[in-house]
Amino acid sequence: MSGFDLSLLEHDNLGSTIYQKLCEALMRGVFKPNDRLKIRDLAERLGTSVTPVRDAILRLVQDQALVLRSPRDIRVPMLTRAAYLEIRDIRVNLEGLAAARAAERATPAQIDQLEALLTHNEEAMAAGNTALATELNQIFHFRLAEIADMPVLGDILRRLWLQMGPLIADVYGGAGRTMIDHHYPLMDAIRCHDGPAAARAIQDDIQLASGPILERIDAECIEAQLQTQPETLVS
């Protein structure tokens with residue numbers, strides 16, 4: 001969790017503040033699949049008691065962003081192939097809609113902001129700063145919904161990213177250009193205010209990125225199966 005500040009800036013509405021802080025960490029991939037979260041450790045880092053942290057954790061379990069195996073074993077889940085494919089298909093449709101609307105509405109200043117995010121993402125990838133690159137990628141996707149002025153859609157995307165953010169972060173560094181190449185035709189479409197082209201570009205982006213993500217899920221599944229198989233007796 002290096003590089004991510006979990007310290008609280010204020011103590012008003014402490015439970016909600018902690019919940020939002022942990023949501024942000026999950027969406028940006030600060031926590032990876034199978035990571036174990038310890039309530040007492042989080043409380044110490046946040047500078048608070050365990051009670052509001054426990055309440056936030058329980059909310060995240062309800063959001064399906066965490067799994068409560070036992071009171072002492074709280075994990076970031078690894079998505080199943082079926083769950084990821086469902087989320088991917090939802091994203092293809094919703095983010096395609098957001099990109100199309102953003103292309104139609106984007107102002108010159110907003111286009112400059114998107115281009116700056118893409119440039120900074122390139123720099124982070126070149127520097128090997130996977131954590132920052134992952135964060136900038138997530139901000140880029142969310143900014144499209146903001147430019148489209150679709151807050152309901154944005155809220156749905158946040159819930160989806162709560163579940164898949166850790167997995168995306170887990171593969172981002174190793175996936176290389178796969179995770180960013182289609183942001184360039186997307187920017188071309190937005191500059192031209194071409195909604196259909198923008199939708200196609202973001203949909204291609206999501207579909208292409210699913211390759212390394214599905215490979216990671218399948219590898220995890222194979223590993224789990226090997227661990228559960230009984231050892232072969234050699235006579």
Side-chain angles (χ1 to χ4, degrees), residues 27-29 79 81 84-218:
M27 287 189 291
R28 294 184 178 182
L79 288 176
R81 171 178 268 266
Y84 171 71
L85 289 174
E86 181 180 358
I87 291 174
R88 184 197 66 182
D89 291 346
I90 294 170
R91 286 185 63 205
V92 164
N93 286 280
L94 292 187
E95 294 195 41
L97 177 61
R101 184 76 61 86
E104 296 167 359
R105 292 172 171 251
T107 66
Q110 290 170 331
I111 293 173
D112 289 344
Q113 291 171 0
L114 287 172
E115 290 178 336
L117 284 171
L118 187 51
T119 298
H120 293 154
N121 200 338
E122 285 281 7
E123 293 169 351
M125 292 179 68
N129 192 340
T130 302
L132 178 57
T134 303
E135 176 183 347
L136 291 167
N137 176 65
Q138 180 252 311
I139 294 172
F140 184 92
H141 281 262
F142 279 34
R143 191 61 52 84
L144 293 174
E146 293 173 6
I147 294 173
D149 193 23
M150 303 181 78
V152 174
L153 186 150
D155 185 60
I156 295 171
L157 289 181
R158 285 183 181 87
R159 289 182 174 274
L160 296 177
W161 276 77
L162 269 179
Q163 297 182 51
M164 67 181 183
L167 180 57
I168 290 177
D170 200 33
V171 304
Y172 199 91
R177 306 292 320 170
T178 300
M179 307 302 285
I180 198 172
D181 271 348
H182 280 86
H183 289 186
Y184 288 96
L186 171 62
M187 288 307 309
D188 290 340
I190 290 176
R191 290 188 204 98
C192 296
H193 300 289
D194 187 337
R200 287 193 299 271
I202 199 67
Q203 289 167 346
D204 288 343
D205 175 62
I206 295 169
Q207 295 278 12
L208 186 63
S210 70
I213 292 173
L214 288 170
E215 289 176 5
R216 174 69 179 87
I217 292 172
D218 291 343

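Evaluation of the ring pair (Phe, Tyr, Trp, His ring centres under 6.0 Å) test over residues 91-133, restricted to residues two or more places apart or in two chains, returns none. Contacts classified as side-chain hydrogen bond (donor to acceptor under 3.5 Å, both in side chains) and involving residues 149-169 (residues at least two apart or in different chains) are given here: D63-R159.
The structure places CG of D89 at 11.0 Å from CG of L94, a figure rounded to the nearest 0.5 Å. For the atom pair E95 CD and M150 CE, the distance stands at 12.0 Å (nearest 0.5 Å). The CG atom of L97 sits 6.0 Å away from the CG atom of L153 when rounded to the nearest 0.5 Å. Here the CG-CZ distance, from L117 to F140, works out to 7.0 Å after rounding to the nearest 0.5 Å. In this structure, the separation between OH on Y84 and CD1 on I168 is 6.5 Å, given to the nearest 0.5 Å. With values rounded to the nearest 0.5 angstrom, N129 atom CG is found 8.5 Å from L136 atom CG.
Contact between N137 and M179 at its shortest, heavy atoms only, is OD1-O, 3.9 Å. Nearest heavy-atom pair, T134 versus R28, reported as atom, atom and distance to 0.1 Å: CG2-O, 3.6 Å. Pairing each heavy atom of Q110 with each of A106, the nearest pair is OE1-CA, 3.5 Å. Nearest approach of A148 to A102, heavy atoms of both residues: CB-N, 3.8 Å. Contact record, L157 with A145: CD1-CB, 4.4 Å, taken as the closest heavy-atom pair.
Counting only heavy atoms from C-beta outward, the side chains of L114 and L186 never approach each other to under 4.5 Å. Side-chain atoms of R101 and I147, non-hydrogen and from C-beta on, never get closer than 4.5 Å to each other.
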Could you go through residues 188-201 and list every donor-acceptor pair under 3.5 Å that involves a side-chain atom there, pairing it with any protein atom two or more places apart or in another chain?
from: D188; atom 1: OD1; to: R191; atom 2: NH1; distance (Å): 2.7
from: R191; atom 1: NE; to: E115; atom 2: OE2; distance (Å): 2.5
from: R191; atom 1: NH2; to: E115; atom 2: OE2; distance (Å): 2.9
from: H193; atom 1: ND1; to: A103; atom 2: O; distance (Å): 2.8
from: D194; atom 1: OD1; to: A197; atom 2: N; distance (Å): 3.2

Listed pairs under 3.5 Å, donor-acceptor, residues 202-214 side chains, sequence neighbours left out:
from: Q203; atom 1: NE2; to: V92; atom 2: O; distance (Å): 3.2
from: D205; atom 1: OD2; to: H141; atom 2: NE2; distance (Å): 3.3
from: D205; atom 1: OD2; to: H183; atom 2: NE2; distance (Å): 3.4
from: S210; atom 1: OG; to: R88; atom 2: NH1; distance (Å): 3.4
from: S210; atom 1: OG; to: Q207; atom 2: O; distance (Å): 2.5

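The salt bridge (Lys or Arg N to Asp or Glu O under 4.0 Å) search around E215 returns none, not counting sequence neighbours. Residues that satisfy the salt bridge (Lys or Arg N to Asp or Glu O under 4.0 Å) test with R143, not counting sequence neighbours, are E146.
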